[in-house]
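Shown next, in structure tokens, is the structure this report addresses.
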Amino acid sequence: MDDSKPIFIQLAEEIEGRILEGIYPEGTQVPSTNEFAAFMRINPATAGKGLNRLVDAGILQKRRGIGMFVATGALDRLMSARREAFGDQFLSPLIHEAARLGIDSDELIAMIGQRAAVAGK
């Protein structure tokens, strides 16, 4: 657990990660509120809040009397949101700092390519 974020957000992010990794493909059932609560040793209301956050975002779908399922299109929605967040969190500051240092876009792209090649080995 990460004390910097509320537990229900951590649960929602964990489920999102599992969807992105293919552990919970679209259309599959996810564990119940009580199962998540028992596994994470948290209050069922907290687990429910995390799951409902994903329902509200269109990532999970409630099927009355059956359970929660990964919604159709959830993977695309998550990928789009994560890409946008990646740009805001990492690329915008990188581009701003590169401009401050006089690094143009071609040089920045070359630098990224070089680092990616090294990281790929």
If Ile, Leu, Val, Met, Phe, Trp and Tyr residues are connected whenever their side-chain heavy atoms lie under 4.5 Å apart, and connections chain through other members, are V55 and V70 in the same group?
yes
Y24 OH to L60 CG distance, which is reported to the nearest 0.5 Å
9.5 Å
Residues pairing under ring pair (Phe, Tyr, Trp, His ring centres under 6.0 Å) where one sits in residues 81-109, two or more places apart or in two chains, turn out to be F86-F90
Among residues at least two apart in sequence or on other chains, which ones pass salt bridge (Lys or Arg N to Asp or Glu O under 4.0 Å) with E13?
K5
Tell me the closest heavy-atom pair linking G50 and A12, and the distance in Å.
O-CB, 3.8 Å
Count the heavy atoms belonging to other residues, nucleotides or ligands that lie under 6.0 Å from CZ of R18, then report whether that count exceeds 12.
yes
For residues 52-62, the side-chain hydrogen bond (donor to acceptor under 3.5 Å, both in side chains) pairs (sequence neighbours left out) are N52-K62
In terms of hydrophobic clustering (I, L, V, M, F, W, Y; side-chain heavy atoms under 4.5 Å; direct or indirect links), are V118 and I112 co-clustered?
no
R82: what forms a side-chain hydrogen bond (donor to acceptor under 3.5 Å, both in side chains) with it, not counting sequence neighbours?
E16
For A47 versus T33, what's the shortest heavy-atom pair and its separation?
CB-O, 3.6 Å
Give the minimum heavy-atom separation between P93 and D88, together with the two atoms involved.
CD-O, 3.5 Å
How long is the straight-line distance from NZ of K49 back to CG of L51, given to the nearest 0.5 Å?
13.0 Å
What is the distance from atom CG of L54 to atom CG of L78, rounded to the nearest 0.5 Å?
8.0 Å
Smallest heavy-atom separation, R77 atom then A71 atom, equals NH2-CB, 3.8 Å
Euclidean distance, I103 CD1 relative to I109 CD1, rounded to 0.5 Å:
12.5 Å
Using the rule given for side-chain contact (heavy atoms from CB on, under 4.5 Å), can you reason through L11 versus T46, listing the C-alpha separation, both sets of side-chain angles and the distance that settles it, and then say yes or no?
CA-CA 9 Å; L11 172 60; T46 302; over 6 Å; no
Show every salt bridge (Lys or Arg N to Asp or Glu O under 4.0 Å) that has at least one partner inside residues 94-104, sequence neighbours left out.
E97-R100
Output for pair (M68 CE, E35 CD), nearest 0.5 Å, gives 12.0 Å
Which value, rounded to the nearest 0.5 Å, describes the distance between M40 atom CE and I7 atom CD1?
7.0 Å
Show your working on side-chain contact (heavy atoms from CB on, under 4.5 Å) between I19 and V30 and close with a plain yes or no.
CA-CA 10 Å; I19 293 168; V30 299; 5.8 Å; no
Output every pair passing ring pair (Phe, Tyr, Trp, His ring centres under 6.0 Å) with a member in residues 33-83, not counting sequence neighbours, ordered by first then second residue.
none
